[in-house]
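Quick note on labels: first sequence line is chain A, next is B, and so on, each numbered from 1.
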2 protein chains.
Amino acid sequence: MAKFRLDEVDHQILDMLIDNTRVPFTDIAKKLLISAGTVHVRVKKMEDAGIIKGSSLTIDYKKLGYSFIAYVGIFLQNTSQTKFVLERINLLPYVTVAHVTTGKFNIFCKIRAKDTEHAKDIIFMLDDIDGVYRTETMISLEESLNDKKRLMHDIFREM
Amino acid sequence: MAKFRLDEVDHQILDMLIDNTRVPFTDIAKKLLISAGTVHVRVKKMEDAGIIKGSSLTIDYKKLGYSFIAYVGIFLQNTSQTKFVLERINLLPYVTVAHVTTGKFNIFCKIRAKDTEHAKDIIFMLDDIDGVYRTETMISLEESLNDKKRLMHDIFREM
DNA sequence: GGTGAAAGCACCGAGTT
DNA sequence: AACTCGGTGCTTTCACC
């Protein structure tokens, strides 16, 4: 995978858009003392390069009744079944992300549910997939998301 | 936390905006056969209710040279140190999310790094936090994100 | 690669049904 | 609650630097 170099202006633009994709390009332009046209061209360039893959809303799932988060580690009967099981897992809507991992588990995923009862159903569905030997669940008591803005500044500025 | 009820139109609007926050309200209106003003009012309502917390870009971190993902389970010397350690963890920019969990680990977090060398540095920083007894790392060999669109449709439509 | 202005639209609030 | 409509302001393009 090619590594793409961004300059300081690109970083500043990303910083602002990452916090709010709807911030007007004219505002960005004012802050960075460049023209709105330039902002537009640079954003387009980052989109074309695939650095900006898309945009999405941040939804408050708790307000929608989904306040249960857990991580589930999956042990397979045989690692050759990894691909098959991963495909099945991705058919389950309540699994938000799945990873093939080294270490203790073969597959590791995050689930989002309404409550413990609902989570139980999801975990049973995972257990029922062919090739899954057993699962181990870690319930999240508190989620703490890192601040995106700081992430961008500190991580990517150094490149 | 109060549970907020969304109707079919709200769901359709969210579905479109979740795929692309910059899709014009006029396009949404055309597709749903309502007026752009109505789209505007409904989005505003969801923002005011806090359902829509914000918006963000999806960045291709791999293209920026950050292709390493791992999960780190943390064992504390004493659970009373949870809050303190969590605060320290959140100061580390490469930790994208941290959870207080039940089960095997006390705290559980996800890190994003350039490579194994870089990951090692981050894990050492975690190990060095006062109160951390030891850590256990699971390296992600493959990440598989669930499709957002399907998530919204299948999960929230039923409420 | 950047600018600035102009044309084309989108947003958004007010007033109406 | 939803619609129309008009003012305001944003995006996007393009000729020029």
>> I'd like to know whether the aromatic ring centres of B/Y71 and A/H99 sit less than 6.0 Å apart in this structure.
In response: yes
>> If the threshold is 4.0 Å, N to carboxylate O, is there a salt bridge linking B/K44 and B/E47?
In response: no
> Roughly, in whole Å, what's the span from CG in A/L32 to C1' in C/dG2?
Replying inline: 14 Å
> Can you say whether the rings of B/H118 and B/Y94 are parallel (under 30°), tilted (30 to 60°) or perpendicular (over 60°)?
Replying inline: perpendicular
> Can you tell if the side chain of B/L86 reaches within under 4.5 Å of the side chain of A/E142, non-hydrogen atoms only?
Replying inline: yes
>> Under the ring-ring contact (aromatic ring centres under 6.0 Å, His included) test against B/F75, which residue among B/F108, B/Y133, B/F105 passes?
In response: B/F105
>> With a 4.0 Å cut-off on N to O distance, would you call B/K110 and B/E143 a salt bridge?
In response: yes
> Would the number of heavy atoms belonging to other residues, nucleotides or ligands and lying under 6.0 Å from CZ of A/R42 be above 12?
Replying inline: yes
>> Protein within reach of the bases, or only the backbone? For nucleotides 6-17 of chain C, mark each nucleotide 5' to 3' as B, S or -, using heavy atoms under 4.0 Å.
In response: ----SSBS----
> Taking any atom under 4.0 angstrom from a heavy atom of chain B, which nucleotides of DNA chain D are the first and last to qualify, 5' to 3'?
Replying inline: D/dA1 to D/dT11
> Looking at A/R22 and B/L17, what are the two nearest heavy atoms and their distance?
Replying inline: NH1-CD2, 3.9 Å
